[in-house]
Structure formats: C-alpha cells, structure tokens
Amino acid sequence: MNVFKLINNDSRLATEEMESDPLRGDRAPQFCNPSYQALSDNKLPIPFEPRDQAHGGTCRGPPPPTSASSSKIATAVYHRKGSQNGHPDRLNSLSSDDDMIDITTTGTVSERAMLEEELAAASHITTESDEIPGIGQYEDFHTIDWQRDIARDRMRHRYIIKKKQNSICDLIRGAHDAWSGWVCVLLVGLFTGAVAGVIDIGASWMTDLKYGICPQAFWLNQEQCCWSSNETDFEVGSCSQWLTWPEVFGLSREGSGPYVLSYLLYVLWALLFAALAACLVRMFAPYACGSGIPEIKTILSGFIIRGYLGKWTLIIKSVGIMLSVSAGLNLGKEGPMVHIACCIGNILSYLFPKYGRNEAKKREILSAAAAAGVSVAFGAPIGGVLFSLEEVSYYFPLKTLWRSFFCALVAAFILRSINPFGNEHSVLFYVEYSKDWIFFELVPFIGLGVIGGVIATIFIKANLWWCRYRKVSRLGQYPVSEVLIVSLVTAVIAYPNPYTRMSTSQLIYLLFSQCGVANSDPLCDYNRNFTDVNSAIETAAAGPGVYNALWLLSLALIFKLVGTIFTFGIKVPCGLFIPSLCLGAIVGRFVGIGMEQLAYNYPHIWVFSGECSTGDNCITPGLYAMVGAAAVLGGVTRMTVSLVVIMFELTGGVRYIVPLMAAAMASKWVGDALGRQGIYDAHINLNGYPFLDSKEEFEHTSLAADVMQPKRNEPLSVITQDSMTVDDVAALLKETEHNGFPVVVSRESQYLVGFVLRRDLNLAIANAKRLNEGITGQSLVVFVSPNASGDGGESSMGARRPAPLILKKILDMAPITMTDQTPMETVVDMFRKLGLRQTLVTHNGRLLGVITKKDVLRHIKQMDNEDPNSVLFN
C-alpha cells in the first residue's frame, strides 16, 4: 500500500510539519492535574488520580509519533490534491471504509515532492506554538513520550545537517550541536568533582568538630591540624596541636570529668547537626531527604518529578549530607552523591537547548551524571559507568556509555586534584594488599557471600516494615522529632564504644587495613616481635587486645544493623553504601581473624600446607573484610558487575576479582532466594512509582482483552471525526476527566481514525476562538481534511453554517494499536521497550478499549497477589 511508502519515505517531512505547526508541533501530553498531600512530613507529593478513560484512574499521554507522521503526510497530500484540482474545499461526512482508505493513499510522488519543499521552507519559521502556554512541556508526576522526543531530536538533527552547507553561521551551529553533548558532560564532571571535594572536606571538618578544635586554624580538621606538628602518628587527643574540648575548657585530657564533658559535647554537636539538616530539608527542599537513588531510577525510566533535580535540592542536599554524616548517624554520603550529580546534570542541561528542552535527551546527561556521582563517591570511574548502566539507567545508548565514561573520568580527576583526604586518593579507606589469596579461601569467601545475603535480607525486610509503619502512623507527621530522637539514641549509644564513636569511613578503613609495624589498634594486638620493618610479617597468636576488639565489634555490628534500619528513610539526606560496607567489613574481619588463627594453630593441614608452612602470615583479615563488605552491599542493592569493579578500584589491584565475584554472586543468589527485590526497587514499590522493571519477566498467560478498559459491552468515551460541534466537544471535556479521546468514524461503526489529547483539544479550541471570530459553538469539529467536491458547487449547508474547526493537525492518526487477543507478555514488552503510555485495543478494526501503563502495572500487581491500587495511591 502507498501508506507504507509514505511511512518509509516521508516521515521526516511530517515531523518538520509537526514542529512548525502551532497546534501540534512540540506539544506536551495532557496529564491529570495532581493534587498534593501536605508536605508536613516531607514526603514526596503523590498525585491523586482522576478517572481514566472509561474507568477510574490512569493519567494518559500521547502514543509515540513515529508512525503518526506518515498519516499526517498522507492527510496533507490529500489536502493538496483537492486544492490543486481547483475545487473549493467542502465539508463532507466521511463514514465509509473506502473514504478512509482514500485519505491515506491519495497523492503522487510529485505532490509529495512539492509538499517537501513547502515543509522545508516552513521548518525554520517561528511557529505560534510558543505563544500557547504549556506547549512542549510535561506535567508533574507523569511519563515522558520517549518515541516522540527521540523522533523530534532526529528531525532537528537532520535539519541542522541539511542547513550546514548554507552559510558559515549554520556550519558553526552544526558544530556546536555536535560537540554540545561532550561539553555538557565535561561541565557536569567538573562541577560534580568540585562539589564532592567540598562535601568531603566539610564533612571531615564537622565530624572532628565533635571531638575538639584546632586553635591555630579552626578550619582545619584533626589530621590537617597535626600536619604542622613534628608528630608523625597520633591517636585521638594525642596531637599537641589539636585540643580536645576538655582541654579547651581548661581540663586535662584524661579522667572521669573530661570524659563526661566530651560525652556531653559529642551528643550536643550530633543533635545540633541533625536538627540543622532536618530543618533545612523541611523548610527549603523536601526532596533532599533520603538516598535519592530510587527516585533517580524512576526519573531515568521516563517519569517527571518537578523540583527533584532543582537548584534548591542540590544546595540543601549538599549541605544536609555534610551535617547528617557529621552527626554520626548510621548513613553515608556516597548514595546522595548520585542525586547531587544528577541535580548538577539537570541544571547544566538547560545551557544546551538540545538537552534542556528534550526530556529523553536530558536523560542521557542524567545517566552520565549518575556515573560521575559514583565515580567521586568511591574514586571508581569505571565502576560508576557500570553502576549507571546496571542499576539506574533505563535508556543507555552507546554514545551515552562513552560520555558517561568521560564524565566520570573528569569528575574523578577533579576530586583527585582537590585531594580532600590528603592521601592522594578519592576515598578515605583506600587500601592495598601485598599477599595473594590461596585457592582454598574461596570457600570462606563464598560463605561470606551467603552471610551477606542473609544480613541484607534481614535489613531490607526490617527497613520496609519500619517505613510502612512510618507512613501509616503519627510518627510520619513529626519528621524533625524523629530525626532528633534517632540522633540522640545513636550518639548516646555510640560514644562509649570506640568503634562506633569514630566515623563509619574510618572504621571501614581500619577493618580493611593490614596489621603492620605502625598499627597500634587492639585489632592488631598479636604476639609478634618486629625486629626488621622490611621483613615479612610472621603468623602469630592473637593477643587479648584482638579478642577485646572482636567483642566490641560484635556490639558495633548489632548497633550498626539496628541503627541503619531505623535511620534509612528519615527526613535527612542519607545513603546506604557506607553502612552496608561497614556491616560486611565487620563480619568479614571476624571470619578473616578466625581463618588466620586456624592457619596459625594448624599449619600442617593440607589446605594450609603449601603457603602457610613457611611461618609467614598467609591470611589477610583485611581482605576478608573487603569481601564481606562487597557481599552485604551486593545483597542490599543486588549489584554484581559494577560492585566488583568498584571494590577492586578501591583496593588498587585486580588480583582479588575472583573472591569479589564469588562473594557478590553468592550474595545475590541468596538475596534473590530470600527476597525478590533490592532495597531501591523495594522503595520504588513502597512509594508507588510507575516503574516497569526491564529485568523482571512477565510469566502469566493473560490477554490484552483481560486488561483493557473499559471491559467489553461497557461505554467508551469517543469523539467522531466530523459530526460533533464545538459545544459537543466542550460538554464532553466538562463531563469527563479523561486525558485523551479516541477519534472514530462514527459512533455506530467505531472504526478507529486516531487519538487526540485533552490538552491539545483545549488549547486548539481556545486558540481558534481567539484568532478566528467565525468559530462558534455550532461549528463542526472536523479531524479530517475537507473533501474537495467534483462539481465545484457550494457547501451542502450553504453560508448559514458556521465555519468548521479543522483539527487534523492535532490528531495522531497512527496511534499504537493491538488486537484484543495480543498476549500480555507482548504488551508489557511494548510498554518497556517503546516507552508507551497507552495503546488502543481493536477487534476487526473496530475500537474496543485502551490499555495504559498504569493498567499494566495494576495487572502485574494483581497477578502477583499484591494490592493493585498501590500504584500511585499513597
């Protein structure tokens, strides 16, 4: 058929016409107006769902425009033919299938060539669409049209390439368009690295402020303050340049009085930092609370959350994460760094209209920004790219992979240049191991993976239970009070234990470290005699300090686990990476010390007989801590490849990839066996975000007819193509709250013509009444081109009928359709891979109903024996 030739040859022309059209070009989908819950508890605003097309509840958007352009060309060609024949346009009723076929097949190659010239000439003209408020934008809490935005960008790019030969200015514009993506990710990397350096320095200084101050320069933390001293090693309070708070008040360093004063000031500083963070979040940026990764995943899947990546969120999140980390809460700043980087990417994308005005293209910048966030969080640029690909990104083309790598590289370079920790590394707990692992150690490594999966499952289930309780109880109405209570309990319990008193990053570094000559921590209290600092460390029995440290670490493990359960989800910026690493590192150190003592006491067992028989220390407990940390983090987040890369980038060597891979896979398998989802996917479900996970399979045998709305023999609100007046359409808009309307030939035939959006109808009618005084309430609304009569006579109604309102330009004449017998597995794949918001269901060409993204999500919930009304109802 000619229509397929039109689709293949002239889709570009149709899009150029669409972009130059005042009512269609660059239009935004119409969405339901969300009514927000009160933000007294700093929760995300959740939209109330108006009634959907013929049923209660999904907001609709337009179908993808890829095939719609062909119909638009065919209609325009038909209009040209009628006018070229010299006959005046006349309104005729098109009610037969033959007429519909004529509309889509009329037109010759020469006519289409003439139309191409007209569209090319009009494509650079500023259209009136810019004057209509709301055109080209998406409403809050609704889904973008991936197909439309990507097609618009392709058409824009083709137009720029075509114009490059015209002048030097057009050539410069083309070059700017080509490099704008690289420039944008370069700026994102620069700003992300700089902000990360400021956060690291600020958090380190405020954390040490709880213990004392540097009198010579108060802006220095403890380590920097002691650089001016001749002392090369110092413990807490041992550096002469650094004064603890009891010394500031004239007391000695040791004794019960100074201890009580230090205890009291530690708690007060923690409460002050936590209160400041909670108040800033509540007053200025409610979206700055939490980790942000669940919402980033949802946004990258095509969801719109206005303000979540705004400038206020960036500022408050950056300041708040420094305060909350300094308060000593069981949280980390690594997860929020992804949110902060995406805020930077969103803000900077508006400097480049190619990305700022196109939501689908903007998500390419956000994917690169997420990679930069992980890059500066762990000093792992390759791991950041893989994290963006594996965990958060929904649409990740190859060029986005390259740009993400470049963005992560720039961010890591800037952070390395700032050197916030003074160790020439991007993280505080960078370690290197000199001993290789032996083959038998794969058994305890896999065991650590199993333990990590169990701990992760316990944490996820307990945290979800507490978050649900917070949502339904009165506790959710007092977010600042909850933060203060959690901070008070955390500080009071943490101070007596030295392993919980120190920052979590310092504890992880201590657990990862090897015991050597310079280590004086009780964890390294072995019965060794160091006679030569260059000699190998010999295996030795654990001293009493080791057993005392293990007892304190066991208490720290319980405290960290319970504290993180209650902390993750409170209304301050809080990440989950560092607490998860800490839990795993404690367990791993336990197992490592156990294996070390086993090798010392039984060196002639066959598993140790080769490497451990020489007397040198063949077991590295710090390596076990690293593997255990990876196991728990992998179980919590369900990361695999990116986790392994991040961990070996932390250690600076690739020889430990196999232990990390074994532990990560064991942890994921155990976690998947005990619970289906990771912590981020679980929180997406908890908040009811419309997220179709591409990693999950649809395993049920239902059909499209089982899911569509309305059901069979129920009424469906439609608009006819040429028999309704402006008043009829206005009454339909007033009586219903549907977001879009199928356009049919007639109410009797129900043959589908196309799909029109409520927003476009409102804007088009209002614009026509404003510009054309001849449009009245009795004017017919026509969605097809006026047919040219063969006799050249006047219109059948004469001059008494008002001028018709022709809205063919806002009609999508090729919406995505499917038959009622289409398997739901295919429907779900179409929604995932094409980014659909709705599809129309037909039977023998006649319209039956509509399936929306929310219908699909509800059906999946129902088939999984879950509450289908939980989607967007919170």
Side-chain angles (χ1 to χ4, degrees), residues 39 42-45 140 183-203 206 273 276-300 303-326 331-352 355-356 359 362-377 384 387-388 392 404 407-408 410-412 414-415 418 420 571-577:
L39 286 178
N42 292 342
K43 294 179 181 178
L44 288 177
D140 197 10
V183 174
C184 187
V185 296
L186 171 65
L187 295 177
V188 172
L190 290 173
F191 281 93
T192 301
V195 171
V198 172
I199 291 174
D200 288 338
I201 294 172
M206 286 191 287
F273 292 150
L276 280 175
C279 291
L280 287 174
V281 167
R282 173 161 187 158
M283 290 188 294
F284 297 103
Y287 285 153
C289 66
S291 169
I293 293 181
E295 288 75 19
I296 295 299
K297 288 187 67 172
T298 308
I299 289 173
L300 288 178
F303 199 53
I304 298 290
I305 306 179
R306 295 290 178 200
Y308 198 83
L309 301 177
K311 58 181 179 300
W312 276 109
T313 305
L314 169 63
I315 295 171
I316 300 303
K317 189 95 174 188
S318 302
V319 176
I321 193 61
M322 290 189 287
L323 291 168
S324 56
V325 168
S326 304
L331 47 82
K333 60 180 182 293
E334 280 66 22
M337 281 304 307
V338 176
H339 187 187
I340 291 170
C342 287
C343 289
I344 295 173
N346 177 67
I347 294 170
L348 293 178
S349 68
Y350 287 100
L351 298 177
F352 306 87
Y355 297 100
E359 292 291 341
K362 182 190 294 182
R363 273 146 182 78
E364 297 180 12
I365 302 298
L366 297 182
S367 294
V374 176
S375 174
V376 296
F387 173 82
S388 180
V392 297
S404 299
C407 187
V410 172
I414 295 299
L415 186 62
I418 296 174
K571 303 306 176 184
V572 295
C574 54
L576 199 58
F577 283 11

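Computed from a predicted structure; not experimentally measured.
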Establish, from distance only, whether the side-chain atoms of Lys317 and Tyr287 form a donor-acceptor pair under 3.5 Å.
no
With a sphere of 6.0 Å drawn around CZ of Phe191, does it hold more than 12 non-hydrogen atoms of other residues, nucleotides or ligands?
no
Before you tell me yes or no, could you show the steps for Val376 and Ile199 under side chain to side chain contact (heavy atoms under 4.5 Å, CB included), namely the whole-Å CA-CA distance, both residues' side-chain angles and the distance that decides it to 0.1 Å?
CA-CA 11 Å; Val376 296; Ile199 291 174; over 6 Å; no
Any chance you could lay out the side chain to side chain contact (heavy atoms under 4.5 Å, CB included) test for Leu300 and Ser367, step after step, and finish with the verdict?
CA-CA 7 Å; Leu300 288 178; Ser367 294; 4.0 Å; yes
I'd like to know whether Leu331 forms a side chain to side chain contact (heavy atoms under 4.5 Å, CB included) with Leu576, so could you lay out the CA-CA distance, the side-chain angles of the two residues, the decisive distance to 0.1 Å, and finally the verdict.
CA-CA 6 Å; Leu331 47 82; Leu576 199 58; over 6 Å; no
Looking at every non-hydrogen atom in both residues, tell me the closest pair between Lys362 and Tyr355 and how far apart they are.
CB-O, 3.3 Å
Quick one: pull up CE in Met337 and SG in Cys342 and give me the separation to the nearest 0.5 Å.
10.5 Å
For the pair Asn346 (side chain) and Leu309 (backbone), establish whether a donor and an acceptor sit closer than 3.5 Å, ignoring hydrogens and angles.
yes
To check you understand the geometry: which heavy-atom pair defines the closest contact between Pro573 and Ala288, and what is its length?
CG-O, 3.4 Å
For Ser324 and Ala277, the nearest pair of non-hydrogen atoms, with its separation, is N-CB, 4.3 Å
Heavy-atom pair with the smallest gap, counting every atom of Gly189 and Ile414
O-CG1, 4.5 Å
Against Leu348, only a single residue in Val188, Leu186, Thr192, Val183 fulfils side chain to side chain contact (heavy atoms under 4.5 Å, CB included); can you say which?
Val188
Begin from the C-alpha positions of Ile201 and Ile418 and carry the test side chain to side chain contact (heavy atoms under 4.5 Å, CB included) through to its verdict.
CA-CA 10 Å; Ile201 294 172; Ile418 296 174; 4.1 Å; yes
Side chain His339, main chain Tyr308, donor-acceptor under 3.5 Å:
yes
For Ser326 and Met322, the nearest pair of non-hydrogen atoms, with its separation, is OG-O, 2.6 Å
